[in-house]
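All of these numbers come straight from a predicted model, not from anything done at the bench.
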Protein chains: 2
Amino acid sequence: MRPEEQPVIRSLPLFQQMTEDNFDRLMRGAYVQSFPPQVELITEGDPCDFLHIVVDGEVELVATWCGRETTMGIVRPVSTFILAAAVKDAVCLMSARTLEKTRLVLLPAIDVREVFEIDNGFSRAVVTELAVAYRGVIRNTKNLKLRSSLERLANYLLSQKNLAGGAKSFELVMEKRRLASLLGMTPENLSRAIKALRPYGVKVDGNCIEIVDSSDLERLAKPTHLIDGNGI
Amino acid sequence: MRPEEQPVIRSLPLFQQMTEDNFDRLMRGAYVQSFPPQVELITEGDPCDFLHIVVDGEVELVATWCGRETTMGIVRPVSTFILAAAVKDAVCLMSARTLEKTRLVLLPAIDVREVFEIDNGFSRAVVTELAVAYRGVIRNTKNLKLRSSLERLANYLLSQKNLAGGAKSFELVMEKRRLASLLGMTPENLSRAIKALRPYGVKVDGNCIEIVDSSDLERLAKPTHLIDGNGI
DNA sequence: AATTGTAATTGATTAATGTCAAACCACAGA
DNA sequence: TCTGTGGTTTGACATTAATCAATTACAATT
């Protein structure tokens, strides 16, 4: 592991509250590895052997069924994934693949469970992490069941604008076909949906989005912190 | 609280691992209350003041947006709901309403958080509860994004058949319009979908469902433990 | 500069799903 | 028994979204 990486991991909420001893123990058993793009790190249905920490790069979480595939999320540095499967010693419900060259820290799930059993600060941090994740998925379900694809796109663009600090224009952080899958639609449908937002002041040039007047778009999107909120 | 109720609650996985002292403490602060049908117990967006335990009756979890409404789940005895909001001291992302006369035990969320901070057995039990809940919602998301409404219905019927012990015929455990909402479709669409399953050996008479040959229906439904599993 | 591969777009079409209205049915209460 | 009420079903239709095919755009490579 690079000298700067261990402190970064330590500073994650998930690892902040545990004892120095137990953190060291986790780190001693950790593997660090770099992967090229398009590598399948985890396969849906396989047992979960490692808690994954993305320290650099980008990982896509995908789910499949009967030849169909959908993007469940994108993981960026520095954060973890498949925590639930790791602590429950269960099979993975999603596959994970690198989107670009990616550096991972892999904590053996068996170590994670062992430390989880003895370190109370860690087990409480896991609760927080899971509670936030759970509420995130509930929000996502509401988004899918209550909104049309156009409305989902409109709200996605508004939330991205916020993430970009409210700047009038910003770049899409992923390929459009991936965004389409994340939003639960086809690439063709996304392409048309983007056009359909033009009357609401959305201008698109390649990956660059410009929202002329947010309140215009909000009239359609009707964002709410009960769906579009971030952990609050 | 009735004499038989406290032991039942104690035997829930969530409360099994905590100390007797802390359990007593939670129970001393508990309210027990009965509600008639169609009472709104929790309103989406409100702060979460109590961890709810259904000891008798039936509660529906619903989410709304812009006048639209969808059923997110049904809670039956004996189990809890809004655990995540209670431990995080956050607003509720779903509303809850009684479907029939319902008896609830209400644990003040502030007590739950207090005990959570001091009782390590409890905090670990919360992890298990949340991890299972999280994985359940992930499964649900896959169900929604990867399957058509007909496929969701087919899989629902197969899982209900299993819950009924594999009996050839069984009763629907909820009104059809509620089932429709749970599956993410309209009542009209459900009605037609049921008919569309007739070629696959599904016979319906009111609330009674008969599946002539499961393997017939499975050819369409293609159930998998990665979507239709129960906590495994 | 030409070539290749992939993503993105566009148009035409089909399929899936929702909406609206009416009819039907079961059941509780008068 | 009658009668309202609300859930269910059905049909006609509208809307939404997926599919298929073709084209364009673009970036990487030769």
Validation: residues 200-209 of chain A side-chain donor-acceptor distances under 3.5 Å, sequence neighbours left out:
none

Round to the nearest Å and state the distance from [X] atom [atom1] to [N] atom [atom2].
X	N	atom1	atom2	result
B:R177	D:dT5	CZ	P	16 Å
B:L150	D:dA17	CG	C1'	17 Å
B:Q38	D:dG6	CD	P	11 Å
A:E151	D:dT16	CD	C1'	11 Å
B:D205	D:dT9	CG	P	10 Å
A:K176	D:dC26	NZ	P	10 Å
B:E175	D:dT9	CD	C1'	15 Å
A:R68	D:dA18	CZ	P	11 Å

Below 4.0 angstrom, which residues in residues 180-194 of chain B have at least one non-hydrogen atom near DNA chain D? B:E188, B:S191, B:R192
Chain B footprint on DNA chain C, 5' to 3' - any atom under 4.0 Å from a heavy atom: C:dT17 to C:dC20
Answer yes or no: is there a side-chain heavy-atom contact under 4.5 Å between [X] and [Y]?
X	Y	value
B:F170	B:I211	yes
A:V55	A:P77	no
B:V59	B:I74	no

Distance alone, cut at 3.5 Å: any donor-acceptor contact between the side chains of A:K88 and B:T128? no
For the helix from C:dA1-D:dT30 to C:dA30-D:dT1, what is the angle between the axes at its two ends, each from 5 pairs, rounded to 10°? 30°
Non-neighbouring partners of A:R147 that pass salt bridge (Lys or Arg N to Asp or Glu O under 4.0 Å), sequence neighbours left out: A:D228
Option from A:R178, A:E60, A:R177 for which side chain to side chain donor-acceptor pair (under 3.5 Å) with A:T71 holds: A:E60
Enumerate donor-acceptor pairs with a distance under 3.5 Å from any side-chain N or O in residues 41-50 of chain A to protein atoms, sequence neighbours excluded.
residue	atom	partner	partner atom	Å
A:T43	OG1	A:E40	OE2	2.7
A:E44	OE1	A:T64	N	2.8
A:E44	OE1	A:T64	OG1	3.0
A:E44	OE2	B:K142	NZ	2.8

Under a 4.0 Å N-O cut-off, is there an ion pair linking A:K176 with A:E188? no
Check whether more than 12 heavy atoms from other residues, nucleotides or ligands sit under 6.0 Å from atom CZ of A:R76, and answer yes or no. yes
So, B:R97 side chain and B:P37 main chain: donor-acceptor pair closer than 3.5 Å or not? no
